[in-house]
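Note that the structure is predicted; figures quoted are calculated from it, not measured.
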Number of protein chains: 2
Amino acid sequence: MRTKDQDKLQRIKEATVRLILREGIDGASVSKIAKEANVSPATIYIYYDSKEEMLSKVFKEYSRQSYQYLVQHIHPQMEAGELIEVIVRESYTYFVENEEIFSFVEQCSRCPTLCEQVCERECTNELMTLIHEYQRDGRIRACSDWNLWAMIFAPVRFLAMKNKDMACSCNANLDELVQMIQSVFIRHS
Amino acid sequence: MRTKDQDKLQRIKEATVRLILREGIDGASVSKIAKEANVSPATIYIYYDSKEEMLSKVFKEYSRQSYQYLVQHIHPQMEAGELIEVIVRESYTYFVENEEIFSFVEQCSRCPTLCEQVCERECTNELMTLIHEYQRDGRIRACSDWNLWAMIFAPVRFLAMKNKDMACSCNANLDELVQMIQSVFIRHS
DNA sequence: CTTCATTAAACGAACATTCATTTAAGAAAG
DNA sequence: CTTTCTTAAATGAATGTTCGTTTAATGAAG
């Protein structure tokens, strides 16, 4: 029996993500993706049942990835200010260095038909648990999970999205953002 | 001479926005939009040169609208804390009450092919000028424009987007968010 | 080792459908 | 009448998906 070529599957995923950065979610057709991946359109249907299933699976996978990346850079002994700094800085780094994936995930997460299938919550359990500990003993300000996201990730994602439009001073912006977010969650700073 | 039917144009815009909320940006075809607006596809091409032009014009118009709405509720005599509260609350209200428009704008603003044509900056001059005054005399914390957006609008938009997923406690979340954002921009609170 | 079925991956071509857009003719208003 | 709006119908191109075939990897038989 012939075995599935994992490299080919990887190429399909990357092509999807690359094309959606270039042409937007409505410009990424199956045939274009296939061409970009050097693969026959029919091959895609060996790995996925439909275009929709493909998008939502790739979406889910790459959603997870950014948080997994983040978790690697975090350890529970960190001081509160450092924790926030690392989360913000590393998120930003990841988003900028993986702009294809980032743009893809951003687009998918605004698309009602896609994000009702992908629960962001389950991608982030590990990170949440850690932050909850810091909140419980008062090292960082307690708040609802929604607001935790709203005040940490929404700002970083916004800044990362605007990265291209910014002048050369993007590092200064990031420094400032770190301080601002810290001032929300940590007293006397 | 027969006059262009402005009501028809309005119906087209609303149908566009409604359909994109339901089916996402890639599910909104010209014919579906036409049907939704009770209009022939050809009629759309009387008002717009192409689908792309149409999307970007409607996008631009509705982008402006949310800020115009906001400006109505703001006056320069406001105390700093109140200013931020009003911006956050009224933004949220607008987004939730106009979820079709909101979802449409959110989707468009993540689509690379669309947002390179629409400069968000020019929609917000009036609001920016006002905030800059507050920043200049220290009533609210000075920061780069990017971070101003990142720490005010990105969080509200995020919360508004998650509004549907939230339990009944969405008002409490909003209250908390207002406080958190105030604590970034205003000392001793 | 060499054959040779067997199995599933992979493909290019073709499918029906839908797409964005245009045409040609009718309807409405001046 | 003239002018402009409006549309149903038609356009070719492109869409997502399937078909029939070929290719490559495996294990059994000689």
Expressed as a whole number of angstroms, how long is the span from B:I46:CD1 to D:dT3:C1'?
14 Å
DNA chain C contacts made by residues 8-23 of chain A, counting heavy atoms under 4.0 Å:
A:K8
Using whole Å, report how far CG of A:D26 lies from P of C:dA20.
9 Å
Take the angle between the ring planes of A:F59 and A:F104 and call it parallel below 30°, perpendicular above 60°, tilted in between.
perpendicular
Residue-phosphate contact under 4.0 Å: A:Y47 side-chain N/O, C:dA10 OP1/OP2
yes
Partners meeting side-chain contact (heavy atoms from CB on, under 4.5 Å) with B:A150 (sequence neighbours left out)
A:P155, A:F158, A:L177, B:N147
List for me each residue that meets side-chain contact (heavy atoms from CB on, under 4.5 Å) alongside A:V86, sequence neighbours excluded, and say none if there are none.
A:H73, A:I74, A:M78, A:E82, A:E90
Can you check each nucleotide of nucleotides 9-15 of chain D against protein heavy atoms at under 4.0 Å and return B for base, S for sugar-phosphate only, - for none, in 5' to 3' order?
------S
Interatomic distance where CG belongs to B:N38 and P belongs to D:dT6 [whole Å]
14 Å
Classify the side-chain pair A:Q65/A:E61 by whether it contains a donor and acceptor separated by less than 3.5 Å.
no
Please list, chain by chain and in numerical order, all residues satisfying ring-ring contact (aromatic ring centres under 6.0 Å, His included) with A:Y134, sequence neighbours excluded.
none
Please list, chain by chain and in numerical order, all residues satisfying ring-ring contact (aromatic ring centres under 6.0 Å, His included) with B:Y67, sequence neighbours excluded.
B:W149, B:F153
Sequence-distant partners of B:K162, side-chain hydrogen bond (donor to acceptor under 3.5 Å, both in side chains), two or more places apart:
A:E120
Quickly work out the B:Y45 OH to C:dA24 P distance and round it to whole Å.
18 Å
Any salt bridge (charged side-chain N to carboxylate O under 4.0 Å, His left out) involving residues 127-136 of chain B? Give me the pairs, sequence neighbours left out, ordered by first then second residue.
none
Please state how far atom OH in A:Y48 lies from atom P in C:dA9, giving the value in whole angstrom units.
14 Å
List for me each residue that meets ring-ring contact (aromatic ring centres under 6.0 Å, His included) alongside A:Y62, sequence neighbours excluded, and say none if there are none.
none
Counterpart residues, side-chain contact (heavy atoms from CB on, under 4.5 Å), relative to B:S50 (two or more places apart)
B:E52, B:E53
Grab the CD1-C1' distance between B:I44 and D:dC5 for me, whole Å please.
15 Å
In degrees, rounded to 10°, what is the bend between the two ends of the helix from C:dC1-D:dG30 to C:dA25-D:dT6, using five pairs at each?
10°
Which residue pairs satisfy the side-chain hydrogen bond (donor to acceptor under 3.5 Å, both in side chains) criterion with at least one member in residues 35-47 of chain A, sequence neighbours excluded?
A:R18-A:E36, A:R22-A:E36
Separation of C:dC11 atom P from A:K35 atom NZ, nearest Å, is 14 Å
What's the CD-C1' distance between A:E52 and D:dT17, to the nearest Å?
14 Å
